[in-house]
Amino acid sequence: MTAAVPSLALPLDIPAEGTMIPSANDAAATPTPDLNVSFAGCTRLSRMRSLLPVIFMLGFTIATPSSIIPYLQQNTFGNNVFLTTGFLAAAKGVLGFAYAPIIGSFSDTFCRKYVLIVTLSLNLIPYISYLATGNYWYYAATNVLFGLYDPTMAVLMAAVADLFRRDCREHTENFAVASAVFFLGVGLAPFLGAFLSTTVTFILCVAFLASMILGVAFFLPRFDTTTTTAAPLQPSGNVLTVGVVNDNDEPQPSERSALLPQPDVVSGDAPQPSATAFVAQTAEIVAPVKANAASRTLVALRLYKDLRLTILLLFFNSLAEQMLDKLLLQYLQNNLNFGATKQAIVIAILGFGGVFGMVIVTTLLKRHSGPLRALQVALIANVVICSLYSFVTAPWAVYLTTAFSIVGMGVYPCACALAARCVSPDAMGVAQGCAAAARMAAAGVAPLLFGYIFQDTQSTAFPGIAFLVAAGCVAVAGVMTTFLSRAVEH
C-alpha cells in the first residue's frame with residue numbers, strides 16, 4: 001500500500017532525526033546542527049550526566065543488602081525458603097506486570113521527574129518497615145507492594161531515550177551505557193553489605209534512596225513530555241511513525257479512527273516512509289487529548305507486532321535471569337556451601353562484568369552486526385551459561401561461568417532499543433514500561449517455577465536441573481527473534 005502524507009512542519013521541541021518531512025517553511029528554516037553522538041567521545045556521557053548518578057545509585061541501593069538477604073530468608077522461612085520466596089516474588093510479579101507499563105505511560109503524559117520522585121519514595125517503605133519491626137516478613141510483604149525498582153528503571157530508560165531523540169538508531173548504545181552504570185553500582189555494593197549488620201545496611205539503603213529523591217528533585221531536568229505528546233499513540237498505518245511499517249500489523253480503519261484524526265490519503269507511487277522517521281503531525285492530530293495510561297499501553301501492544309514479540313522474548317529470557325537473580329545465591333549457599341564472601345564475589349563479578357559487557361561487548365556486537373544480531377548472540381550466550389551452572393561445583397568454575405555471562409549482558413539494552421524503535425516518540429515510557437512489565441512478570445513466575453524445581457531436586461544426585469530448564473526458556477526467546485521484522489534494525 002502506498003500513501004502520501006501532507007507536508008507539514010513537526011511541532012516538536014527536539015528536532016527529528018533522518019528524513020525530514022518537507023514543509024512550506026523549509027526554505028526559511030534554520031539548519032539544525034548534526035547532533036549524532038560518537039560513542040568514543042564524551043558527548044554521550046555529558047548529555048546523560050544528570051541521569052547517570054541516579055542510575056548508579058539505584059543499582060548500588062538494590063545490591064547493598066543482596067549478600068545478607070539469603071540469610072534473612074533462610075532464618076525466616078526455614079525449610080520452605082524456595083517456595084515461600086517464589087510465592088512472594090510471584091505476587092510482586094503479578095502486580096508489577098500490571099502497574100509497570102502504566103507508570104511508564106504516566107511518565108509519557110506527565111513529568112518523568114515527578115514520577116521518579118514518587119517511585120523512589122515508595123521504595124523507602126520496605127526498608128523502613130524492617131527497621132521499625134526487625135521482622136523480615138514485614139520487609140518481604142511491603143516489598144511486594146512498594147518495591148518499584150523495575151518501574152523506576154523503566155522511567156529512567158525512557159528519559160535516556162528523550163535525551164537522544166535525534167539519535168534513535170543509537171538507542172542500543174545509549175541503553176547499554178545506562179545499564180553499564182547500573183551494573184557498576186550492583187558490582188560495588190555487595191561488599192558493603194557483607195561486612196555490615198542488617199540494621200546498618202538497611203539504614204544505608206534509606207539514606208541512599210533519600211539522597212536520590214533530593215537529587216532528582218533539585219538537579220534532574222523535568223523531561224516534561226506534555227508539550228509534545230498530547231496526542232494519543234500513532235498507529236503504524238498511513239502516518240509516519242518511529243516504529244516498523246508493516247502492512248500485516250496495520251490496524252483496521254475503525255481502530256485508527258478511534259485513536260486520532262487521519263490525514264488525507266493520496267493514492268500514487270509515493271515511497272513507503274522510513275522506519276525511523278518521526279510522526280508527521282498536523283494541528284488537528286496534536287489535539288489536547290491525553291489518553292488514559294492503561295489504554296495507551298493496550299493501544300501500543302495492539303498496534304505494534306514487533307513490540308509484542310520483543311516483550312515476549314524479553315519475558316522468556318528474563319525467566320532465566322530472574323531465576324539466577326533470586327535463587328542462584330540460595331542454591332550456591334545450600335548446595336555448594338558459599339558463604340557471604342563468596343556470594344559477594346559472584347555479585348561483584350556480575351556487576352563489573354556487566355559494565356564491561358554493556359560498554360564493550362554489546363556495543364561492538366551492535367556496531368558490527370546490528371541490534372538484532374547482537375540480541376541473538378547474547379541469547380545464545382545465556383543458553384550456554386545456564387547450562388554450565390547445572391554442572392559446575394568448584395568455586396573457580398562458578399566464578400568462570402559467571403564471568404562468561406558478560407557476553408549475555410546485552411539482552412536487556414538490545415531489547416529496550418528494539419522496543420523503542422517499535423513505537424512513536426510520544427510512547428517511549430510505554431515501551432520501556434512494557435519491557436519492565438515483562439521482567440517483573442518473569443520475576444513473579446521464575447522463583448515460583450524454579451523454586452519448586454529446586455525444592456524437589458535439592459536432595460537428588462542432580463540438583464542443578466533447574467538451570468537446564470532455564471536454558472530452554474532462553475532458547476525459546478532466541479527462536480522468537482527470527483519472527484521480528486528486519487526493519488527494526490534500520
Side-chain angles (χ1 to χ4, degrees), residues 39 44 48 51-52 54-55 58-59 96-97 100-101 103-105 107-108 112 149-165 167-183 223 242-244 276 297 300-301 304 306-318 321-322 354-355 357-359 361-363 365-366 370-379 382 408-443 477 480-481 484 488-489:
F39 183 75
R44 185 187 308 276
M48 297 173 66
L51 289 172
L52 293 182
V54 181
I55 295 173
L58 188 68
F97 181 75
I103 291 174
S105 183
S107 75
D108 283 334
R112 301 205 198 283
Y149 284 114
D150 282 303
T152 302
M153 190 63 183
V155 176
L156 288 168
M157 293 294 247
V160 170
D162 291 339
L163 289 174
F164 294 90
R165 273 192 166 183
D167 313 312
C168 62
R169 287 174 295 183
E170 304 299 321
H171 276 328
T172 303
E173 296 178 7
N174 302 330
F175 292 150
V177 170
S179 300
V181 172
F182 177 84
F183 274 99
F223 296 104
V242 80
V244 177
T276 57
T297 303
L301 292 174
Y304 303 115
D306 284 322
L307 178 62
R308 296 194 297 270
L309 285 173
T310 301
I311 298 310
L312 282 174
L313 70 88
L314 187 58
F315 169 78
F316 279 101
N317 179 77
S318 296
E321 286 188 353
Q322 295 296 328
V355 175
M358 299 291 184
V359 175
V361 177
T362 301
T363 299
L365 286 173
K366 181 262 177 184
L372 183 56
R373 294 296 184 193
L375 174 63
Q376 292 170 335
V377 170
L379 288 170
N382 283 343
M409 293 289 185
V411 172
Y412 183 60
C414 288
C416 287
L418 294 180
R421 293 177 181 214
C422 292
V423 300
S424 54
D426 70 326
M428 289 299 171
V430 173
Q432 302 311 314
C434 288
R439 288 168 62 87
M440 294 195 75
M480 295 183 70
T481 61
L484 286 170
V488 296
E489 293 197 88

Enquirer: Can you tell me how far CG of Leu307 sits from CG of Leu312, rounded to the nearest 0.5 angstrom?
Expert: 9.5 Å
Enquirer: Taking all non-hydrogen atoms of both residues into account, name the closest pair between Ala419 and Thr310 and its distance.
Expert: N-CG2, 4.1 Å
Enquirer: Can you confirm whether Leu372 sits close enough to Thr481 that some side-chain heavy atom of one is under 4.5 Å from a side-chain heavy atom of the other?
Expert: yes
Enquirer: Under 3.5 Å, which donor-acceptor pairs link side chains of residues 429-443 to any protein atom two or more places apart or in another chain?
Expert:
{"residue": "Gln432", "atom": "NE2", "partner": "Cys416", "partner atom": "O", "Å": "3.3"}
{"residue": "Arg439", "atom": "NH1", "partner": "Glu321", "partner atom": "OE1", "Å": "3.4"}

Enquirer: Enter the distance from Leu484:CG to Arg421:CZ here, rounded to the nearest 0.5 Å.
Expert: 12.0 Å
Enquirer: Any non-hydrogen side-chain atom of Met157 less than 4.5 Å from a side-chain atom of Ser179?
Expert: yes
Enquirer: Taking the side chain as C-beta and beyond, is there a heavy-atom pair between Val361 and Met409 under 4.5 Å?
Expert: no
Enquirer: Taking the side chain as every heavy atom from C-beta outward, state whether Leu365 and Arg373 have any atom pair closer than 4.5 Å.
Expert: no
Enquirer: Can you see which heavy atom on Ala178 is nearest to which on Leu52, and at what distance?
Expert: CA-CD2, 4.5 Å
Enquirer: Has Ser318 got a side-chain atom pairing as donor or acceptor with Leu314's backbone, closer than 3.5 angstrom?
Expert: yes
Enquirer: I'd like to check the side-chain contact (heavy atoms from CB on, under 4.5 Å) partners of Ala477; sequence neighbours left out, ordered by chain and number.
Expert: Leu313, Phe316, Asn317, Leu379
Enquirer: Roughly how far, to the nearest 0.5 Å, is the CZ atom of Arg308 from the CE atom of Met480?
Expert: 11.0 Å
Enquirer: By the definition side chain to side chain contact (heavy atoms under 4.5 Å, CB included), identify the one residue from Ile55, Leu156, Val177 that meets it with Phe182.
Expert: Ile55
Enquirer: Just verifying a value: how many Å separate Arg112 CZ and Asp162 CG, rounded to the nearest 0.5 Å?
Expert: 4.0 Å
Enquirer: Roughly how far apart are Leu418 CG and Phe175 CZ, rounded to 0.5 Å?
Expert: 10.0 Å
